[in-house]
**Student:** 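Mind having a look at this structure? Questions to follow.
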Amino acid sequence: MAAFGLGLAVASPAFSQATETPPPSDQDVPIINLDPLLQTLPGDAPPATAEGDGPVTIPEYSRTSESADPLPARPDSFLTGLKSERNDPNRILRLSGERQSATLFVDVPAPADVIAFVLSYRVSINVLPSRSELLVTVNGTEAPPITLSPEDGFVAAELPVELLREGHNRIEITARQAHRIFCGPDATFAIWTEIDLGQSGVRIPSADIPMDEAGFATALNGQLATQGNVPIRMDPDASSDLLHDIAVRVSGLSGGSAVDLKLESPYDVGGAAPPLARIAILETAPATTGVRRGADGAAVLVLGGPQDGMRAELDAILPPPEPLQDIASLVPGVTTSLADLGFTDTTTFNRYAEQRLVFRLPDDWLMLSNAEALLRLTYGFAEGLPQGALMLVKLNGTTVRLLPLDSGGGQVLEPLDIGFKANLLNPGPNALEFVTIVPGDPPDQPCPQIAGPLLTIVDDSTLLVPPTPRMSFIGLRSALTSLGPDQVVPVTPEARSPWLERLDLAIQSTLRPISGRESNAGARLNVVGADNLGAFSFGTLDLSRNDLEGLFYDRGPEVLQEPVEDPSGGPRYARRVQSMVAGFARQIGQLAKPGDGPLKTWIAGRKAQAALLMPDPEHPETLWLIASPGVDPALLAGDLAAARVSPDGPRGRVSILTAAGQWQNWQDASMMPVLKEPLTFRNFRNVAGNYASWSPLYFVSVLFGLTLLSVVLALIFVVSTRGRRKR
Amino acid sequence: MNRRSLMGGIAASGLAASLLPGLARAQQGTAALSGPRNPLAAPWSAWKAAFLDESGRVIDKLQQGASHSESQGYGLLMAATFGDAAAFDLIHDWTERNLAIRSDALLAWRWLPSGSGRVPDRNNAADGDLFYAWGLVIRAQREQRADLLDRASAIAADLVSTCVVAAPDGSGRMLLTPAAEGFDREGGQIINPSYYMPLAMREVARATGQSALATCATDGEALMAEIAAGGLVPDWVQIGPGGTGPAEGMSGRNGYEAVRVPLFLCWSGSASHPAVARQAQAYREAETGGGLSLGQYPIVMDTDTGKVIETSADVGYGAVAALVQCAESNRSGAPIPLYRTANQPYYPATLHLMTLIAQILSVPECVPI
């Protein structure tokens, strides 16, 4: 108080001599005559003591408080998480079998800031500790091996921080595991180590994050790893074209995973755990872009001003990701080695193993006839494998060859020609798989230790696929692969639930362009929830709203549309004849229309978490995604993104995503293959073969028609020339 | 309305129309806050759930669970601002029944929940009366309610006649005393700078014709500008014939009272006021000085040095600090914490909500980031 008084009296003459300094705004204030008021004030004021009987108190308050409940505290440090190559939104990575490896990545701001380098893992109860270990290599340098010992829950192992370097770090992890009791394919499934990518990584002090581009990137990685989402704070009534751009950029930062952008109002009521990072979009602000610390300690990327300017600023902080690397392409008619197709998983140590090669055929490659493709396989396997050891060679899930592995091992065998029907292959992505099954010997004891792999596929094995005329079916895949983030269209944007908004953004985040693939400016993906089917346009799909609701919701047994006959009534032979006729009609129908039958029938009884549909084949670039309410946006978006380059993705006109994450496809029988090149003498045979294979009855009908036409022409010729010959 | 108040009203209207862009902006923004898309609907609901009981009493637990004309006035003002007729009626009814017991139109300043004398004395509090009248004015104007306007006019008239006095320093200024009784000391008149809410004083003046309130607001701003020239604005000051100095026996620090000064100035569209700049500078120095940990906000500071004497974990004080710093700077976006009532008592929670109102109405560029 003394200082205050001194300040008033000495240091602040203006303060103590108020009459000498007119108020700053006085010159602008109209003059009001206050004389009457001043004269009446003392007399008009009511006598204060007349108001109460007791002593008068003055309004003073005790404002000091101790908050009863502690605020949700920001942790002192956080883990950045590890990224996998597969960009799986699922944060748990499982390494199963006798030996399996994975490559992980972590970005480190500066090694000096790192408190610890943590690997969080848990081990199956079946793993034999004395013969099981986790081998970790960081940037090519081995860390001390970790003995795998089953314990309750996840265990955090600390790795040497010295192995890390600033920036991008590559971590190779190999699990070597043995079963305690058994040996064989079942035992292979039963031994596993799971790594929690979100609870692993480098631990960094929260307070040490610099409020700059690098610091924001570190905090954002930590946010994605620990909370799995990125809060976006913006006016809920505003719409920002930046959102899908941000979604793609954040996804790029996290290795292409689907990103869950959590939209929140600046005026929400708080209470949740504070985030490590968020983005604030100021719609009406002057140009402002930068990283600042929020009130809760979060690193906040503030974006304000004209959106073009923001994008330019954003490039420095969240650069747009590179296009998604496409799978290798196989040129039909050209013998190509598996190495050139990117096959790296050449060896297996597991008693059950699936070695998979995914490659792409041209979108307008279509083989429906029985022409053959050729796999020239060079392989070898360990000597002395037990009886019954075998390898299955599969194309798109269909076994084309079974190879025994129980004799002749210990060497690389001569190349083996494996011919298979080319119609097993699809336009777009395809999968070649080698499935190895090696029984235990004996199966009720731990497997013997082995020095080398059980099987090796030599990557100079080759694949030859015959060329075809340029033909294709109209289907979902073409539009799906060409979709960009700005082509995801919210249906009924005025009535979007927060969940649908998050789903839109999660899908947009994963729709990076695929390298080498052309974009389609007309492609659109309309996204609706199954609880809003009124917004769905059914087009020419023979479906009712009730049919679609049955796909997403549990309902009672269907009311049968056809009358049920009493089996005890009527002559038995009549029922048998009826049944035979119906079966024959079905077969004829299948010959005529070889699709999956009526959509109503196909969809009945199926359940899905999402469905991708093409309502109008006249506009094949317009797709609809119907999502079951409450489905995890990031997981669904991840499934959709993976489907773009997966042989197991959507095809045909309708595809549903089951709860198990598998796409089931419906092909419309009325849609015939489309020839995309002129019909010539050279391609006639193949084109005719495709049409004949697609619909034999249709083809026979056409041939029959042509034959009739020929006969008629011949008769006309004979009749018209007969008189002349007689002459 | 007599001739004097009519002339004052005309003058006050002129002030509002020509000199106070903040007033016009605030009036436009109030419409947004009272509409169906009120962005502060969730914080307001949280505030009501935490502090407004079903009888219409706004409870301040830290004051022995008391209610006071300040809490009732703040509550009524916010209910009016948000167009919440139900909450307005509850607060209004309770206040009229329990605090409107003086012989004039003003409110008794405190009501205690226990004891025989629930209103121990009938002294008033000028800020409670002012905010209460402001709330009445807002709803009266929106719904053309003459009864509410009449009540506001009566309060404004008695506030002017009771608490607006001539400054004893010979400056010719008008002062707003904190209450009818207890602040006219031997050495001069004690005032609480945070009882000045310029926007409220001008709006009430304009609506009721009590132009002295508008004049008093302008004089108060000038007084605070002078005080700010020498340091932070203190909780209480005494103005005597010799000038302005500390009020004996009362806080001369920049603390729980004075925290409202820069908030109300910003709300009133006076973000460039020297008191705002001084307070912003003190907050900035406190934050960059390294003495504060995350989640601790300066609440009591030395007026001369700006040294932090006391901190608080109540985020409402952090909200004020963030808004004041943003409003004073040219930056957009302010690190205003998300609203909460779970962890903070009535007073900081109310200031927090007022900060958000002020941000939306008067400093729109300072959106919470």
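Just so we're on the same page: letters track the sequence lines, and every chain starts at 1.
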**Student:** Can you name the residues that form a side chain to side chain contact (heavy atoms under 4.5 Å, CB included) with Ile115(A), not counting sequence neighbours?
**Tutor:**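 Ile115(A): side chain to side chain contact (heavy atoms under 4.5 Å, CB included) contacts with Ser77(A), Arg203(A), Pro205(A).
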
**Student:** Which bit of Arg233(A) is near chain B, if near means a heavy-atom gap under 4.5 Å: side chain, backbone, both or neither?
**Tutor:**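 The side chain, not the backbone.
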
**Student:** How far apart are the closest heavy atoms of Gln63(B) and Ser62(A), and which atoms are they?
**Tutor:**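 So the two residues come closest at NE2-O, 2.7 Å.
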
**Student:** How long is the gap from CD1 on Ile299(B) to OG1 on Thr64(A), to the nearest 0.5 Å?
**Tutor:**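 Reported value, rounded in 0.5 Å steps: 9.0 Å.
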
**Student:** Taking side chain as everything from C-beta outward and backbone as N, CA, C, O, which of these in Asp60(B) sits under 4.5 Å from a heavy atom of chain A? Side chain, backbone, both or neither.
**Tutor:**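 Looking at Asp60(B), just its side chain touches chain A.
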
**Student:** First locate atom CG of Asn38(B), then atom OH of Tyr267(A), and finally report the distance between them rounded to the nearest 0.5 Å.
**Tutor:**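 Asn38(B) CG to Tyr267(A) OH: 10.5 Å, rounded to 0.5 Å.
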
**Student:** Can you tell me how far apart OG1 (Thr57(A)) and CZ (Arg122(B)) are? Round to the nearest 0.5 Å.
**Tutor:**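 Thr57(A) atom OG1 to Arg122(B) atom CZ measures 13.0 Å (nearest 0.5 Å).
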
**Student:** Check each atom of Ala125(B) against the heavy atoms of chain A and say whether the ones under 4.5 Å are side chain, backbone, both or neither.
**Tutor:**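 Both parts, backbone and side chain.
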
**Student:** Please classify the contact between Ile239(B) and chain A as side chain, backbone, both or neither, with a heavy-atom cut-off of under 4.5 Å.
**Tutor:**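 Neither part, no heavy atoms under 4.5 Å.
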
**Student:** Please determine, among Arg110(B), Glu257(B), His68(B), the option with the most heavy-atom pairs under 4.5 Å with chain A.
**Tutor:**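 Option with the top pair count is His68(B).
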
**Student:** Over all heavy atoms of both residues, which pair between Val269(A) and Ala46(B) is shortest? Give the atoms and the distance, please.
**Tutor:**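 Reported closest heavy-atom pair: CG2-CB, 4.2 Å.
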
**Student:** Using a 4.5 Å cut-off on heavy atoms from C-beta on, say whether the side chain of Ile58(A) contacts that of Glu181(B).
**Tutor:**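 Glu181(B) vs Ile58(A): side chains apart.
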
**Student:** Using every non-hydrogen atom in the two residues, find where Val56(A) and Asn123(B) come nearest and quote the distance to one decimal.
**Tutor:**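 Where Val56(A) meets Asn123(B) most closely, the heavy atoms are CG1-ND2, 3.4 Å.
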
**Student:** With chain B, which of Ser265(A), Pro266(A), Ala280(A) has the greatest number of heavy-atom pairs at distances under 4.5 Å?
**Tutor:**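 Ranked by heavy-atom pairs under 4.5 Å with chain B, first place is Pro266(A).
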
**Student:** As an exercise, state the distance from CD1 of Ile369(B) to CZ of Arg278(A), rounded to the nearest 0.5 Å.
**Tutor:**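 Spacing of CD1 (Ile369(B)) from CZ (Arg278(A)) equals 7.0 Å.
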
**Student:** Heavy-atom distance under 4.5 Å between the side chains of Arg340(B) and Asp268(A), does that happen here?
**Tutor:**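 Sidechains of Asp268(A) and Arg340(B): no contact.
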
**Student:** Return the option, out of Trp109(B), Phe183(B), Tyr346(B), Tyr339(B), with the maximum number of heavy-atom pairs under 4.5 Å with chain A.
**Tutor:**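 Winner by heavy-atom pair count: Trp109(B).
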
**Student:** How close do Ala179(B) and Pro59(A) get, counting heavy atoms only, and between which atoms?
**Tutor:**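 Answer, listing the atom of Ala179(B) first, then Pro59(A): CB-CD, 4.0 Å.
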
**Student:** About how many Å separate CG of Leu282(A) and SG of Cys366(B), when rounded to the nearest 0.5 Å?
**Tutor:**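 Spacing of SG (Cys366(B)) from CG (Leu282(A)) equals 10.0 Å.
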
**Student:** If you measure from OG on Ser251(B) to CZ on Arg63(A), what distance do you get to the nearest 0.5 Å?
**Tutor:**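 Separation between the atoms: 12.0 Å.
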
**Student:** In terms of heavy-atom proximity below 4.5 Å to chain B, should Ala295(A) be classed as side chain, backbone, both, or neither?
**Tutor:**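 Both parts, heavy atoms under 4.5 Å.
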
**Student:** Please check if the number of heavy atoms outside Glu310(B) that lie under 6.0 Å from its CD is greater than 12.
**Tutor:**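 More than 12 heavy atoms, drawn from other residues, nucleotides or ligands, come within 6.0 Å of this atom.
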
